[in-house]
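First comes the structure, then the notes that go with it.
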Amino acid sequence: MRTPAASSSSSSSNAGLASPARAYDVLVIGSGIAGLSFALKVAREGRSVAILTKKTKADSNTNWAQGGIAVVTAETDDFAKHVADTLTAGDGLCDRKVVKQIITDGPERVRELIELGLKFSRAEDGHYDLGREGGHSERRILHVKDMTGKAIEDALIKAIGREPRVALFEHFFAIDIITTGRIAGRRSKRAASTGPDRAAGVYALDVRDGRVATFRAPVVMLSSGGAGQVYLYTTNPDIATGDGIAMAYRAGVEVRNMEFIQFHPTALYSISGKRFLVSEAVRGEGAILRNCDGDAFMPRYHKLADLAPRDIVARAIDAEMKRTGAPHVWLDITHRNAAFLRSRFPAIYKFCKAEGIDIANDMIPVVPAAHYTCGGVATTLAAETTLPGLYACGEVACTGLHGANRLASNSLLEAVVMAHRGAASVDAYLKRIQKTDAKTPVIPEWRDLGGGDLDERVVISHNWDELRRTMWDYVSIQRTTKRLERARTRIATLARETQEYYWNFAVDARLLELRNLIQVAELVVACALQRKESRGLHSIADHPKKLARAVDTSVRRAG
Ligand SMILES: Cc1cc2nc3c(=O)[nH]c(=O)nc-3n(C[C@H](O)[C@H](O)[C@H](O)COP(=O)(O)OP(=O)(O)OC[C@H]3O[C@@H](n4cnc5c(N)ncnc54)[C@H](O)[C@@H]3O)c2cc1C
């Protein structure tokens, strides 16, 4: 954070371009399922809430979720089975207590979504049309056709719109978390009166006018989603640049298990480089993966064949592509008729059709792409991070639910459950903090030391590309220590160069995202190098075995 120490001799053209501070009880970073659900709950407790979101309110991973939300509703299903499936996918690293809690909380949270107006798809007999996805022993995925995320996002945005205590700021990019310790100066006399370090707000760039605003609040909820954009190929939309993880790390907060990046096995292979997701639910309805020779190869890799856990399917596809030299494999659902496919998968059907693929007659070319960030900001079951007043929920967080690999459709579940649990614990924190003597020091306005607009913008776009390609080539599905070390060296050079720009030029969203992506890349590599075994999503050739004891990797910035 460069503001508090800004010297009075600053010659910045941005100096003075700070907006007046705004004060709330609670700040929420992000408007996906996690942030909106949380905001709704705390506002209903009577708290004033500001939601900051860096693009428009619906720009989120949530809006793209297709398959649905995993939750126990069927009579044939039970919590123990869902817990067992989650633990199996997590490959020994899940926190059993967290898994049990999140899964048992699920039905109640889903009922609340239904109360908001969400209409999950039903079969002809009137029961929910439960989908099946890889790693699940039962059909338990509630969905709204293949547009579940959009339906959830729409319902939550409508509910937030009716809530007078919530102010939603679109195009406000959170830059860094303000902590009492940082602004007081840890060793100063003032620091003694402010008590232990805690969150006090955020600096955020108003993307449309270039000013940096100060938002004050004793509680900051990070719900800024994952970091898929750190890889060249990803199913994630552009917003997924790991900003919350990078911000938390810079604030000295513990980040965990960043090596576990889930690659979705079946993203549409398109020349444009964009990777549209072809949901696992398509395999749940019988689609078969074939290599370029037409062989159905999955039975050679796992007993569940095409419904094996995602990491196994992604590695199998990667291996088949490397073995045959083909740029993709095929997904074959041509045995289902067009009417069924149009009705069950309208978005996929339409997207493929626009790409010239009629999925009822043609096989779909697919490749793996970075999809989900299993690690993140370490939290308790109350969504607390290691910094008092800073909370995290949704994909940005690492609760212990996913362990070494996320079970399909468990992430929407985790987000909505943890938003609820976070809201409950925030209330107690706010009451506690109001009673203490600890003062919040005056927060200085943002001062930019930069010397003007960036004229060499090509450096930013070049570094974006280089970073993402480095991660794709050296830190993706199959790893080696040598490749990870090579990546670390390259990322360090990009970090130095980008940091220099950050200090010397006026900030903009693209530069801030690059800075965060580089930070996230460093964390992924650091965690991957810590783990001297292959477990779950982390497969490393020089440590092919799993160690007897499963331990989280952890990184935290010193002092
Ligand atoms: C294509 C696709 C399909 C998926 N399908 C499923 C599925 O079927 N089932 C399932 O369980 N999961 C699925 N997932 C995963 C799931 O969608 C996400 O894990 C979940 O939606 C994350 O929700 P969230 O609220 O944590 O983050 P998001 O929904 O990603 O929201 C993050 C928000 O934070 C904002 N933000 C980020 N940085 C900043 C910043 N610096 N300042 C201000 N705002 C910021 C973003 O703009 C956004 O509003 C899918 C993901 C993708 C990409």
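Count residues from 1 along the sequence. Quantities reported herein were computed from a predicted structural model and do not represent experimental measurements. Indexing begins at 1, ligand by ligand and atom by atom, following the structure's order.
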Show, in sequence, the C-alpha distance, side-chain angles and deciding distance for Tyr349 and Phe345, and conclude whether the ring pair (Phe, Tyr, Trp, His ring centres under 6.0 Å) test is met. CA-CA 6 Å; Tyr349 189 90; Phe345 303 113; 9.8 Å; no
Dump the intermediate steps for ring pair (Phe, Tyr, Trp, His ring centres under 6.0 Å) on Tyr231 and Phe263, then the final yes or no. CA-CA 10 Å; Tyr231 286 94; Phe263 289 81; 5.2 Å; yes
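Here's the thing with His371: none of its N/O atoms is less than 3.5 angstrom from an N/O atom of ligand 1. The distance criterion of under 3.5 Å between nitrogen or oxygen atoms is not met by Ile29 with respect to ligand 1. Inclusion of Ile69 in the set of residues having an N or O under 3.5 Å from an N or O of ligand 1 is not warranted. Checked against a 3.5 angstrom limit, the closest N/O atoms of Tyr372 and ligand 1 fall outside it. In terms of polar-atom proximity, Thr62 is counted as a contact of ligand 1, with an N or O under 3.5 Å from an N or O of the ligand. Not one N or O of Lys55 is nearer than 3.5 Å to an N or O of ligand 1, by distance alone. Residue contacts with ligand 1: Leu277 is placed with no nitrogen or oxygen under 3.5 Å of a nitrogen or oxygen of the ligand (distance criterion only). The shortest N or O to N or O distance between Gly68 and ligand 1 is below 3.5 Å. Inclusion of Ser31 in the set of residues having an N or O under 3.5 Å from an N or O of ligand 1 is warranted. Of the polar atoms of Val396, none of the N or O atoms is found under 3.5 Å from an N or O of ligand 1, judged by distance alone.
The side-chain hydrogen bond (donor to acceptor under 3.5 Å, both in side chains) test with Ser409 is passed by exactly one of Glu133, Glu280, His136: Glu133. Of the listed residues (Asp508, Asp176, Asp243), just one forms a salt bridge (Lys or Arg N to Asp or Glu O under 4.0 Å) with Arg515, and that residue is Asp176. The one candidate from Phe172, Trp446, Phe215 that meets the ring-ring contact (aromatic ring centres under 6.0 Å, His included) condition with Tyr203 is Trp446.
Between atom SG of residue Cys374 and atom NE2 of residue His538 there is a gap of 13.0 Å, rounded to the nearest 0.5 Å. Between the CG atom of Leu514 and the CG atom of Leu494 there is a distance of 7.5 Å, given to the nearest 0.5 Å. Summarising the geometry, atom CD belonging to Gln101 is positioned 11.5 Å from atom CG belonging to Leu401; distances are rounded to the nearest 0.5 Å. Rounding to the nearest 0.5 Å gives a distance of 7.0 Å between CG of Leu381 and CG of Asp95.
Contacts between Glu395 and ligand 1, counted as non-hydrogen atom pairs separated by less than 4.0 Å, involve both the backbone and the side chain. At a heavy-atom distance under 4.0 Å, no atom of Ala408 approaches ligand 1. Contacts with ligand 1 closer than 4.0 Å are made by heavy atoms of both the backbone and the side chain of Asn61. Within the 4.0 Å heavy-atom criterion, neither part of Glu133 lies near ligand 1.
In terms of protein heavy atoms, atom 42 (N) of ligand 1 is closest to Ala174 N, 2.9 Å. Protein heavy atom closest to atom 37 (C) of ligand 1, with residue, atom name and distance, is Ser224 O, 3.3 Å. Scanning all protein heavy atoms for the shortest distance to atom 44 (N) of ligand 1 gives Lys54 N, 3.1 Å. Looking only at heavy atoms of the protein, atom 15 (C) of ligand 1 is closest to Ser411 OG, 3.5 Å. Annotation: atom 27 (O) of ligand 1 to nearest protein heavy atom, Gly225 CA, 3.4 Å. Of the protein's non-hydrogen atoms, Asn236 ND2, 3.4 Å is the one closest to atom 53 (C) of ligand 1. In terms of protein heavy-atom proximity, atom 6 (C) of ligand 1 is closest to Ala65 CB, 3.5 Å. Remark: minimum distance from atom 34 (O) of ligand 1 to any protein heavy atom is reached at Gly30 CA, 3.1 Å.
Remark: among candidates Thr373, Asp243, Ile245, the nearest residue to atom 39 (C) of ligand 1 is Asp243, based on non-hydrogen atoms. Of all the listed residues (Thr148, Leu512, Asp59), Asp59 holds the heavy atom that lies closest to atom 47 (O) of ligand 1. Remark: among candidates Ala34, Ala227, Ala397, the nearest residue to atom 25 (O) of ligand 1 is Ala34, based on non-hydrogen atoms.
Judged purely by distance below 3.5 Å, without hydrogens or angles, the side chains of Glu254 and Thr386 never pair a donor atom with an acceptor atom. Side-chain atoms of His371 and Thr235 include a donor-acceptor pair closer than 3.5 Å. Neither side chain, Thr88 nor Asp85, offers a donor N or O lying under 3.5 Å from an acceptor on the other.
In summary, Arg406 and Glu414 do not engage in a salt bridge, as defined by a charged side-chain N under 4.0 Å from a carboxylate O. Between Glu112 and Arg109, at least one side-chain N (NZ, or NE/NH1/NH2) sits under 4.0 Å from a carboxylate O, which counts as a salt bridge. With salt bridges taken as basic N to acidic carboxylate O contacts below 4.0 Å, none links Lys158 and Asp154.
Of all atoms in ligand 1, listed by their number and element, those nearer than 4.0 Å to a heavy atom of Ser223 are 32 (C), 33 (C), 34 (O). Residue contact check: Thr235 has heavy atoms under 4.0 Å from atoms 1 (C), 53 (C) of ligand 1. Atom numbering of ligand 1 starts at 1 in the shown order; those under 4.0 Å from a heavy atom of Gly394 are 26 (O). If you number the atoms of ligand 1 from 1 as listed, the ones under 4.0 Å from a heavy atom of Phe172 come out as 42 (N), 43 (C). Short contacts between ligand 1 and Ile239, defined as distances under 4.0 Å to a heavy atom of the residue, involve ligand atoms 30 (O), 46 (C), 47 (O). Set against the non-hydrogen atoms of Thr53, the atoms of ligand 1 under 4.0 Å away are 35 (C), 43 (C), 44 (N), 47 (O), 49 (O).
Between Tyr372 and Glu395 there is a side-chain heavy-atom pair separated by less than 4.5 Å. Contact of the Phe276 side chain with the Gln66 side chain is registered, since non-hydrogen atoms from C-beta on lie closer than 4.5 Å.
Contact analysis leaves Glu170 out of contact with ligand 1, as no non-hydrogen atom separation drops below 4.0 angstrom.
Under a cutoff of 6.0 Å and an axis angle of 45°, Arg122 and Tyr128 form a cation-pi pair.
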